[in-house]
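Not measured: the values here are computed from a predicted model. Chain letters run A, B, ... following the sequence lines, proteins first, then strands; residues in each count from 1.
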Amino acid sequence: MDHTQKPRVRFAPSPTGYLHVGGARTALFNWLFARHKGGTMLLRIEDTDVERNRPELVDGILAGLKWLGVEWEEGPYFQSQRLEMYRSEARRLLASGAAFACYCKASSYAGADAAPAAESGEEQEGEGDAEGPKTRKNIACPCRDLTDADRAAREREGITPAIRFRAPRSGTTGFQDAVFGPRDVQNEEIEDFVLLRSNGLPTYQLSVVVDDIDMRISHVIRGADHLSNTPKQVLLYRALGAEPPIFAHVPLILGADRTRLSKRHGATSVSSYADEGFLPEAFRNFLALLGWSPGGDSEFLRTHELVERFSLAGVSRTNAIFDRPKLEWFNTQYLQKLPVSDVLPYVADELKRANLWNGSQAVADPEWFARAVDLIRPRTRLLPDFTAWARAFFTDDFDYEAEARAKFWKDERLPDMLAKLADALAALPEWNHDACDAALRQLATAEGVKAGLLINATRVAIVGRAVAPPLFETMVILGKDRVVSRIRRALPSVSAQ
RNA sequence: GGCGCUAUGGUGCAACGGUUAGCACGCGGCCCUUUCAAGGCCGAAAUACGGGUUCGAUUCCCGUUAGCGCUACCA
């Protein structure tokens, strides 16, 4: 491989589940690296496991990547459409002696400790009882020494062989890892692994190497769970006459209990974060900092800064725990610090989702929409906040939160005072913050009550919530007509309180 | 069981032989205040343990422990 050329990287998920945060982070690192270096990113779907493969999941993975903002220049390629290539490469290895036909029963080869392929998705609690003697795995397959006559005999028995790699029995295999440094492993630890299953389908080891060679991948950036198997792949590269790429294994993301992220940790798919109302850029920022650091203390890094500063040298070697509260913090930061114009499209989508978009002032008056969002956003955490507690900014159809009524509508003088306030506001010649402020305080003084009593009660009357932006700014945004009519409309409810 | 990787507050990171071990999330307090946030200030909280090497170890080496990964005709 020519290291002076622009790098070529790939993200290669297998459609056995949705796009989870670990995969998303791997995809993001590949993308950041490619962008930073001006290289090329491609997408490849590793769907060679017919048993667990679920083609219908591919669209969701692509959608997840798009939401994340990870783009690819090439692909998606599907390994299921490249099977002939893997088979012919396997035959080449067979012919060169680098591989051999294996007639063992699939189940008999695995060592005594190899749990018979339990579905690793939902592990059961059954711990403890020793599953037989902990014998060392037999790493050299007896079939490697079969003679032509032996093979012919097996063939006559009707056994279809698998093809295994003939792993060297001595020496070491080394490679460079941009994260973990130079690696060198003893070859006697490497078993005669399967390249082509007896059903003619390639294993991961074969297809990943054949494809990475064919697609001229220069840097393999992937989860550290692949670190231990990398020497096998390096051996394969050499047997295939290719130079291995640079590897970069990134640490894993774990759940709060320090185990691998899985369904029981709650939301782990990126689409669930999209659904919850996180901003993609906030999610990216958070994800990028899980296992990578620009070197200093800066944390709020917009995507272009991430791209500018990304480097494999900054990737850490320790597994990271997914910290949901920090993710939310990032989201509030983005909701508040971004130019309003950047968040408007997201709020618009949220309003559409809640059926509050059509006919709203947000559509008719974009300038007003921007001011309203700007007023609301300091106390939002997720996008749905705009249509939950802030619903009254976009529709007259809202109700009064029970806790807010109980807390701020208790005083029995309120119905009378609010009626007077509505009249006073209606009579205002000018509608602005100070005019509203003065009108309300004047009334409070006249009635001998604290302004706060009226302020809080009025807030509930016009937005239905105790938690809302400052009252007079809210009044300005809502406008005189809406404020006056909402106060009057609330009167019966206030009396009933 | 074997092989490997990792180890800084509860969490994410910084410090890549010399710092009063820094930042952020979260947590507690105070300020601001019209509710709730945001914001500001303050605080509690860490180099897993034991040996080396060195004038000097968070940093380098070894061991222990712990966690994780791999050890499939999964990827």
Would you please name every residue forming a ring-ring contact (aromatic ring centres under 6.0 Å, His included) with A:Tyr334, sequence neighbours left out? A:Phe300
Who are the ring-ring contact (aromatic ring centres under 6.0 Å, His included) partners of A:Phe386, not counting sequence neighbours? none
Testing B:A75, B:U34, B:A7 for proximity to the side chain of A:Arg441, the answer is B:U34
Taking only the side-chain heavy atoms of A:Trp329 (C-beta and beyond), determine which of B:C13, B:A75, B:A24 contains the nearest atom. B:A24
How is the base pairing of RNA chain B summarised as a dot-bracket string, given the Watson-Crick and G-U wobble criteria with both distances under 3.5 Å, [ ] for crossing and | for another strand? (((((((..((((....[...)))).(((((.......)))))....(((((..]....))))))))))))....
Taken to the nearest whole Å, CD/A:Glu473 to P/B:U33 is 14 Å
Taking the six-membered ring for Trp, are A:Phe180 and A:His249 closer than 6.0 Å centroid to centroid? no
Is a donor-acceptor pair below 3.5 Å formed from side chain A:Arg465 to base B:U35, judging by atom type as modelled? no
Looking at A:Phe286, I'd like to know if the NZ or CZ of A:Arg284 sits under 6.0 Å from its six-membered ring centre while staying within 45 degrees of the ring's axis. no
Suppose we screen for salt bridge (Lys or Arg N to Asp or Glu O under 4.0 Å). Which residues come up paired with A:Arg391, at least two apart in sequence or across chains? A:Asp397
Between B:A75, B:C73, B:U34, which one does the side chain of A:Val194 approach most closely? B:C73
Step by step, would you call A:Thr268 with A:Tyr18 a side chain to side chain donor-acceptor pair (under 3.5 Å)? CA-CA 9 Å; A:Thr268 57; A:Tyr18 43 62; 2.8 Å; yes
What orientation do A:Phe472 and A:His433 show, parallel under 30°, tilted 30 to 60°, or perpendicular over 60°? perpendicular
Hey, what's the ring geometry for A:Tyr237 with A:Phe247, parallel, tilted or perpendicular (30° and 60° as the breaks)? perpendicular
Report yes if a side-chain nitrogen or oxygen of A:Thr318 is closer than 4.0 Å to either non-bridging phosphate oxygen (OP1 or OP2) of B:A7; otherwise report no. no
Can you name the atoms? Protein N/O to nucleotides 67-69 of chain B N/O, anything below 3.5 Å, with the distance.
| unit_1 | atom_1 | unit_2 | atom_2 | d |
| --- | --- | --- | --- | --- |
| B:C68 | O2' | A:Asn319 | ND2 | 3.0 |
| B:G69 | O2' | A:Asp225 | O | 3.4 |
| B:G69 | N2 | A:Ser228 | OG | 3.4 |

For A:Thr318, all residues meeting side-chain contact (heavy atoms from CB on, under 4.5 Å), sequence neighbours excluded: A:Ser316
Going by the rule side-chain contact (heavy atoms from CB on, under 4.5 Å), which residues pair with A:Pro13 if we only count those two or more places apart in sequence or in a different chain? A:Phe11, A:Leu43, A:Ile45, A:Ile61
Partners meeting ring-ring contact (aromatic ring centres under 6.0 Å, His included) with A:Phe278 (sequence neighbours left out): A:Tyr273
Heavy atoms under 4.0 Å is the rule here; annotate nucleotides 41-50 of chain B 5' to 3' with B where the base is hit, S where only the sugar-phosphate is, and - elsewhere. ----------
With A:Asp225, which residues qualify under salt bridge (Lys or Arg N to Asp or Glu O under 4.0 Å), at least two apart? A:Arg260
Does A:Thr48 reach a base, just sugar-phosphate, or nothing at all? Heavy atoms under 4.0 Å. sugar-phosphate
Do the ring centers of A:Phe283 and A:Phe330 come within less than 6.0 Å of each other? no
Atom-to-atom span, NZ of A:Lys326 to P of B:G26 - whole angstrom: 9 Å
Could you tell me the separation between the CD atom of A:Glu328 and the P atom of B:G12, rounded to a whole number of Å? 17 Å
If you take atom types as modelled and just measure distance, does the side chain of A:Asp297 reach the base of B:G22 with a donor-acceptor pair under 3.5 Å? yes
Can you check the A:Glu403 CD to B:U35 P distance for me, whole Å? 17 Å
Distance, rounded to the nearest Å, where A:Asp323 contributes CG and B:U11 contributes P: 9 Å
Protein N or O to nucleotides 36-38 of chain B N or O, pairs below 3.5 Å:
| unit_1 | atom_1 | unit_2 | atom_2 | d |
| --- | --- | --- | --- | --- |
| B:C36 | O2 | A:Arg379 | NH1 | 3.0 |
| B:C36 | N3 | A:Arg379 | NH1 | 2.5 |
| B:A37 | O2' | A:Pro378 | O | 3.1 |
| B:A38 | O2' | A:Gln336 | OE1 | 3.4 |

Taking only side-chain nitrogens and oxygens of A:Asn229, does any of them come within less than 4.0 Å of OP1 or OP2 of B:A75? no
Result for 5'-nearest mapping on RNA chain B, choosing between A:Arg183 and A:Glu299, is A:Arg183
Apply ring-ring contact (aromatic ring centres under 6.0 Å, His included) to A:Phe33 and list each qualifying residue two or more places apart in sequence or on a separate chain. A:His219
